[in-house]
Amino acid sequence: MPTRRRIRFTPLTQRRLAQFRANRRGWWSLWLFLLLFGLSLGAEFIANDRPLLVSYQGSFYAPVFEDYAETDFGGVFPTGANYRDPYLARLIREHGWMLWPPIRFRHDTVNYDLPVPAPAPPSAENWLGTDDQGRDVLARLIYGLRISVLFGLLLTLSSSIIGVAAGAVQGYFGGRLDLLFQRFLEIWGGLPQLFILIIVSSVVTPGFWTLLLILMLFGWTALVGVVRAEFLRARNFDYVRAARALGMSDGRIMFKHMLPNAMVATLTFMPFILSGSIVALTALDFLGLGLPPGSASLGDLLRQGKDNLQAPWLGISGFVVLSLLLSLLVFVGEAVRDAFDPRKNVL
């Protein structure tokens with residue numbers, strides 16, 4: 001019988017995990033953040049204008065995964081099936097049934113049956129109301145949360161990799177390379193990021209990957225300073241000198257022996273960098289320089305709340321979700337900081 005191999009952590013890692021759990025606010029914030037993010041990843045199964053499952057004349061269909069024509073359900077036109085159409089819904093109910101998600105709207109679904117002009121207040125059909133184009137606010141919040149967190153994670157990961165590599169090279173070699181790199185960072189950090197975004201948005205249509213690339217070009221400098229300081233401090237330690245004397249290459253010394261020490265500061269800053277990345281995307285969407293029009297966006301919802309003060313549910317919904325998301329990340333960051341603090345002791 002094959003035996004299961006348990007993952008064994010070092011005593012230092014076990015102490016850090018225990019300190020992280022000891023911060024109850026950060027510990028529960030992490031689980032709540034993972035729960036919200038996990039639910040948003042399955043947004044199509046929570047908020048969709050297509051049924052999850054359709055039974056028609058003894059056959060089963062999954063519209064959430066595949067497109068079907070209206071003629072597949074006894075309709076007239078060979079176009080895509082509109083399951084919210086009363087005519088098609090009646091045909092399906094006569095020969096089967098439909099299993100709908102809890103929210104029968106996508107982020108871009110327009111509710112044409114509103115009893116009042118859009119933006120409509122919360123109702124039994126639209127739990128948090130609609131925006132000024134008749135789209136369900138709750139559905140847009142779920143999809144907007146997903147794209148915001150995914151954008152923040154990709155931006156944080158890519159900028160951290162570049163920043164850690166640049167700080168490691170700069171701190172390890174020092175000397176003239178360090179001096180030239182510092183002058184470059186001073187010039188690069190002084191570039192007007194907002195103006196560059198305005199110029200780029202006037203030339204090309206801003207999209208997910210375009211914004212990610214532009215923000216990454218300016219966001220990678222956040223970790224250079226702390227990683228550089230760690231490498232400057234550790235490059236003259238005895239174990240580094242011994243590795244050099246044994247003929248070990250510079251790359252192996254940097255990324256096998258010195259990088260683990262620098263990752264302590266990196267991991268401490270990453271939750272705060274993630275929250276800053278989410279705020280950056282939200283701010284650009286609020287200014288109209290972010291994702292293309294019609295995309296699910298927390299910033300677009302806040303902008304609509306500013307433009308429609310007579311509909312307070314727009315601004316309040318966006319503010320509550322954004323503030324909750326950022327608060328959870330800040331609490332997680334505080335717990336990570338305490339976990340890597342050697343002065344903290346688990347009670």
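In this structure, the side chains of Val137 and Leu141 come closer than 4.5 Å at one or more pairs of heavy atoms. Contact annotation: the side chain of Leu39 never approaches that of Leu145 to less than 4.5 Å [non-hydrogen atoms, C-beta and beyond]. Put simply, the side chain of Met254 does not reach to within 4.5 Å of the side chain of Leu259, judged on heavy atoms. For the pair Met263/Phe340, no side-chain contact is recorded, criterion being any heavy-atom separation below 4.5 Å from C-beta on. Side-chain contact between Trp100 and Tyr83 is present, with heavy atoms from C-beta onward closer than 4.5 Å. Under the 4.5 Å side-chain criterion, counting only non-hydrogen atoms from C-beta, Asp136 is not in contact with Asn111. Looking only at side-chain heavy atoms (C-beta outward), Leu36 and Leu328 come within less than 4.5 Å of each other. In this structure the side chain of Leu281 never reaches within 4.5 angstrom of the side chain of Leu155, judged on heavy atoms.
The main-chain N or O of Phe20 is never found under 3.5 Å from a side-chain atom of Asn23 such that the two would form a donor-acceptor pair. Under the 3.5 Å distance criterion, the side-chain polar atoms of Thr130 are matched with a main-chain donor or acceptor of Ala120. In this structure, the side chain of Asn308 does not engage the main chain of Ala311 through any donor-acceptor pair within 3.5 Å. No side-chain donor-acceptor contact under 3.5 Å links Arg21 to the backbone of Trp27. A donor-acceptor pair under 3.5 Å links the side-chain atoms of Gln304 to the main chain of Asp132, judged by distance alone. For Tyr143 (side chain) and Ala47 (main-chain N/O), a donor-acceptor pair under 3.5 Å exists by modelled atom type. A distance-only check finds a donor-acceptor pair linking the side chain of Ser323 to the backbone of Val320 [under 3.5 Å]. Not one N or O on the side chain of Arg244 forms a donor-acceptor pair closer than 3.5 Å with the backbone of Ile253. At least one donor-acceptor pair closer than 3.5 Å links the side chain of Trp220 to the backbone N or O of Leu217.
The minimum heavy-atom distance linking Ala280 with Leu215 is given by the pair CB-CD1, 4.2 Å. Heavy-atom minimum distance, Val224 versus Gln170: CG1-OE1, 3.5 Å. Annotation for Pro51 and Pro101: closest pair CA-CD, 4.3 Å, computed over non-hydrogen atoms. Annotation for Ser297 and Asp285: closest pair OG-OD2, 2.6 Å, computed over non-hydrogen atoms. Considering all non-hydrogen atoms of both residues, Ala296 and Gly144 come closest at CB-N, 3.6 Å. Closest non-hydrogen pair, Leu88 versus Ala81, comes out as CD2-CB, 3.6 Å.
We find the CD1-OG1 distance between Ile103 and Thr109 to be 11.0 Å, quoted to the nearest 0.5 Å. Taken to the nearest 0.5 Å, the OG atom of Ser159 stands 7.0 Å off from the CG atom of Leu223. In this structure, CG in Leu35 is found 11.0 Å from CG in Leu30, a value given to the nearest 0.5 Å. Here CG of Leu301 is found 13.5 Å from NE2 of His107. Values are rounded to the nearest 0.5 Å. Of the inter-residue distances, the one linking Leu291 atom CG with Phe151 atom CZ reads 7.5 Å to the nearest 0.5 angstrom. In this structure, the separation between CZ on Phe73 and NE2 on His95 is 13.0 Å, given to the nearest 0.5 Å.
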Pair Glu125-Phe105, side chain to side chain contact (heavy atoms under 4.5 Å, CB included): steps then yes or no: CA-CA 10 Å; Glu125 188 176 18; Phe105 300 94; 3.7 Å; yes
Side chain to side chain contact (heavy atoms under 4.5 Å, CB included) between Leu212 and Trp209, intermediate numbers included: CA-CA 5 Å; Leu212 182 66; Trp209 299 107; 3.6 Å; yes
Criterion side chain to side chain contact (heavy atoms under 4.5 Å, CB included) on Tyr87 and Glu70, from CA distance to verdict: CA-CA 10 Å; Tyr87 169 73; Glu70 184 178 313; 3.9 Å; yes
Trace of the side chain to side chain contact (heavy atoms under 4.5 Å, CB included) decision for Asp178 with Arg228: CA-CA 9 Å; Asp178 183 25; Arg228 169 181 173 269; 2.8 Å; yes
Step-by-step salt bridge (Lys or Arg N to Asp or Glu O under 4.0 Å) determination, Arg50 to Asp67: CA-CA 10 Å; Arg50 298 183 177 189; Asp67 295 329; 2.5 Å; yes
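More than 12 heavy atoms of other residues, nucleotides or ligands shown are found within 6.0 angstrom of CH2 on Trp188. Within 6.0 Å of OH on Tyr239 lie more than 12 heavy atoms contributed by other residues, nucleotides or ligands. Counted within 6.0 Å of CH2 on Trp28, heavy atoms from surrounding residues, nucleotides or ligands total 12 or fewer; the atom is thus considered open. By the neighbour-count criterion of 12 heavy atoms within 6.0 Å, atom CZ of Arg176 is sparsely surrounded, having that number or fewer from other residues, nucleotides or ligands.
Between Val169 and the options Leu177, Val227, Val164, a side-chain contact (heavy atoms from CB on, under 4.5 Å) holds for only Leu177.
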Side chains of residues 264-274: which donor-acceptor partners sit under 3.5 Å, not counting sequence neighbours?
from   : atom 1 : to     : atom 2 : distance (Å)
Thr266 : OG1    : Ala262 : O      : 3.2
Thr268 : OG1    : Val264 : O      : 2.7

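No salt bridge links Asp131 with Arg303; every basic N to acidic carboxylate O contact stays at or beyond 4.0 Å.
Arg233 meets the side chain to side chain donor-acceptor pair (under 3.5 Å) test with Glu230; sequence neighbours excluded. In terms of the ring pair (Phe, Tyr, Trp, His ring centres under 6.0 Å) criterion, Phe37 has no residue partners (sequence neighbours excluded). Taking the ring pair (Phe, Tyr, Trp, His ring centres under 6.0 Å) definition, one finds that Tyr112 meets it with nothing, sequence neighbours left out.
Tracing side-chain contacts under 4.5 Å through hydrophobic residues (I, L, V, M, F, W, Y), one never reaches Val54 starting from Leu99; they form parts of separate clusters.
Residue pairs meeting the salt bridge (charged side-chain N to carboxylate O under 4.0 Å, His left out) criterion with at least one member in residues 188-197, sequence neighbours excluded, do not occur. Screening residues 56-65 for side-chain hydrogen bond (donor to acceptor under 3.5 Å, both in side chains) gives no qualifying pairs among residues at least two apart or on separate chains.
In this structure, the ring of Phe45 has its center less than 6.0 angstrom from the ring center of Phe65.
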